[in-house]
Chemist: 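The structure's right below; bear with me while I get my questions together.
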Protein chains: 2
Amino acid sequence: MSFIGFLFFIFAFVKEMIFSKTVEYAIRAMIFIAQKSKKGIKVGIKEIAKATDAPEYFIGKILQDLSRKGLVQSLKGPTGGFYLEEESSNCSLADIVKAIDGNKLFTGCGLGLKSCSEIKPCPIHNEFKKVREDIYNMLEDARIGEFSKKLEKKLTFLRRK
Amino acid sequence: MSFIGFLFFIFAFVKEMIFSKTVEYAIRAMIFIAQKSKKGIKVGIKEIAKATDAPEYFIGKILQDLSRKGLVQSLKGPTGGFYLEEESSNCSLADIVKAIDGNKLFTGCGLGLKSCSEIKPCPIHNEFKKVREDIYNMLEDARIGEFSKKLEKKLTFLRRK
DNA sequence: CCAATAAAAGACATAAAAGTCTTTTATTGG
DNA sequence: CCAATAAAAGACTTTTATGTCTTTTATTGG
């Protein structure tokens with residue numbers, strides 16, 4: 001199974017659930033860049049698009065944005081492309097989601113909730129809070145660098161079958 | 001605090017997260033209809049829209065759809081409106097989500113996952129599975145009838161303050 | 001320096017979700 | 001039966017998300 005195929009497996013779960021296409025593409029791209037970066041290789045948009053099966057121009061835009069926000073590094077010109085500095089490869093899925101969609105997914109109790117519902121929270125309120133926390137923890141624990149390592153191990157395993 | 005206000009508290013959590021506006025409005029409307037239905041009152045679209053702070057024509061469309069699918073009952077003409085039969089008031093939030101968005105939110109392991117990832121699931125895969133299950137259970141447990149009962153109790157409590 | 005390369009920037013296009021309006025159909029009380 | 005009422009149905013508009021294209025800017029190897 002291909003790298004892309006494997007990613008699809010994992011994110012098939014998520015995509016209808018929490019993440020926008022933008023976030024989905026961003027995460028796939030970041031993992032791919034991380035893998036290449038570990039080998040000291042910078043990758044161009046075309047290659048990223050092909051490898052992660054994302055629309056070329058769209059992923060370009062997304063990475064542009066992430067680059068401005070410092071989650072990924074880039075260099076123009078020949079031998080240029082996208083890459084991750086040591087520090088960046090330690091960023092979590094949560095960081096990516098935050099960078100793109102803001103932290104609305106995580107900020108739990110907005111305006112109203114602080115007053116009434118926190119004092120006397122309804123049962124469902126608490127359940128949701130828990131789910132949110134679970135999602136946050138999950139995304140926070142999933143570091144791009146770690147993730148790509150694990151993926152590679154699995155891939156190796158899978159390829160031997 | 002008003003009924004609408006209270007609902008806002010609860011769904012402020014959810015709306016950026018899982019549910020479309022359509023689902024959000026649907027749930028608010030259903031709870032409102034349930035409360036009225038318990039008193040044997042049928043409610044019109046205008047009243048529902050006002051009470052749940054949803055766009056009138058839009059909630060009309062949504063309830064039309066839910067009505068076709070049997071989740072809510074309706075009657076045309078004077079003294080007509082929407083209401084819930086005993087059976088319908090026992091429907092869960094999960095039922096509503098399913099009726100509108102299909103069960104893509106719950107069907108967990110789609111195509112790819114059955115083969116490779118289930119055999120050797122990646123850590124994140126399992127976490128997501130758990131979150132999904134949590135969400136499903138939460139939505140399945142939340143029955144419209146029960147929910148409106150609880151809300152009413154809270155409302156009474158709040159009003160006495 | 002210069003030609004080639006690749007990202008950045010900005011404008012544009014398409015699709016999906018959300019929201020609105022008008023006409024039709026069913027039901028009721030008088 | 002009839003006029004009023006209210007949902008059903010269908011067409012339409014607006015907004016947001018997604019996706020595409022063109023031009024500009026930075027970098028490199030020769």
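Below, read A as the first sequence line, B as the second, and so on, with proteins coming before strands; counting in each chain starts at 1. What you are looking at is a predicted structure, and each value in this text was computed from that prediction instead of being measured.
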Chemist: Hey, does the side chain of B:R28 reach the backbone of B:T52 with a donor-acceptor pair shorter than 3.5 angstrom?
Modeler: yes
Chemist: Just how far, in rounded Å, is C1' of C:dA8 from CD of A:Q73?
Modeler: 16 Å
Chemist: In this structure, how many angstroms lie between the P atom of C:dG19 and the CG atom of B:D53, rounded?
Modeler: 11 Å
Chemist: Kindly give the heavy-atom pair with the smallest separation between B:S92 and B:E140, and that separation in Å.
Modeler: CB-O, 3.3 Å
Chemist: In whole Å, I'd like the distance from the CG atom of A:D65 to the P atom of C:dG10.
Modeler: 13 Å
Chemist: Looking across every strand, which nucleic acid part, if any, lies under 4.0 Å from B:V23 by heavy atom: base, sugar-phosphate, or nothing?
Modeler: nothing
Chemist: In whole Å, what is the span from the NZ atom of A:K42 to the P atom of C:dA7?
Modeler: 11 Å
Chemist: With no hydrogens and no angle check, is any side-chain donor or acceptor of A:K69 less than 3.5 Å from a backbone partner on A:A99?
Modeler: yes
Chemist: To the nearest angstrom, how far is B:D101 atom CG from C:dA18 atom P?
Modeler: 8 Å
Chemist: Report which part of the nucleic acid B:I45 touches: base, sugar-phosphate, or nothing (heavy-atom distance under 4.0 Å, all strands).
Modeler: sugar-phosphate
Chemist: Rounded to whole Å, how long is the line connecting atom CG of A:L63 with atom P of D:dG19?
Modeler: 14 Å
Chemist: Among C:dA9, D:dT22, D:dA8, which nucleotide has an atom closest to any side-chain atom of A:Y57?
Modeler: D:dT22
Chemist: Using a cut-off of less than 4.0 Å, is there contact between a side-chain N or O of A:S74 and OP1 or OP2 of C:dA6?
Modeler: no
Chemist: If every non-hydrogen atom of A:L71 is compared with every non-hydrogen atom of A:D95, which pair is closest and at what distance?
Modeler: CD1-O, 3.8 Å
Chemist: Between atom CD1 in B:I59 and atom P in C:dA18, what is the gap in whole Å?
Modeler: 12 Å
Chemist: If you look at every strand shown and take non-hydrogen atoms under 4.0 Å, does A:K61 touch a base, only sugar-phosphate, or nothing?
Modeler: base
Chemist: Under 3.5 Å, side chain of B:R143 to main-chain N/O of B:N90, donor-acceptor pair present?
Modeler: yes
Chemist: Taking atom C1' of D:dT5 as reference, at what distance in whole Å does atom NZ of B:K46 sit?
Modeler: 10 Å
Chemist: With sequence neighbours left out, what residues match A:F58 under ring pair (Phe, Tyr, Trp, His ring centres under 6.0 Å)?
Modeler: A:Y25
Chemist: Hey, which of these two, A:P78 or A:F82, hits DNA chain C nearer its 5' end, going by closest nucleotide?
Modeler: A:P78
Chemist: According to a strict under-4.0 Å criterion, is B:T79 in side-chain N/O contact with OP1 or OP2 of D:dT5?
Modeler: no
Chemist: OP1 or OP2 of C:dG19 less than 4.0 angstrom from a side-chain nitrogen or oxygen of B:Y25, does that happen here?
Modeler: yes
Chemist: Hey, does B:L75 reach any base, or is it just sugar-phosphate, or nothing, if we go heavy atoms under 4.0 Å?
Modeler: sugar-phosphate
Chemist: Classify B:V72 by what it touches in the nucleic acid, base, sugar-phosphate, or nothing, heavy-atom distance under 4.0 Å.
Modeler: nothing
Chemist: Within this structure, what is the NZ-CD1 distance for the pair B:K46 and B:I48, rounded to the nearest 0.5 Å?
Modeler: 12.5 Å
Chemist: Under 4.0 Å: is that the gap between some side-chain N or O of B:R68 and OP1 or OP2 of D:dA9?
Modeler: yes
Chemist: When you compare the side chains of A:Q73 and A:S88, does any donor N or O come within less than 3.5 Å of an acceptor on the partner?
Modeler: yes
Chemist: It should be established whether A:T22 places a side-chain nitrogen or oxygen under 4.0 Å from OP1 or OP2 of nucleotide D:dA17.
Modeler: no
Chemist: Under a cut-off of 3.5 Å for both distances of each Watson-Crick or G-U pair, what dot-bracket string does DNA chain D give, using [ ] for crossing pairs and | for inter-strand pairs?
Modeler: ||||||||||||||||||||||||||||||
Chemist: Pick the nucleotide of DNA chain D nearest each of A:F58 and A:K76; which residue has the one closer to the 5' end?
Modeler: A:F58
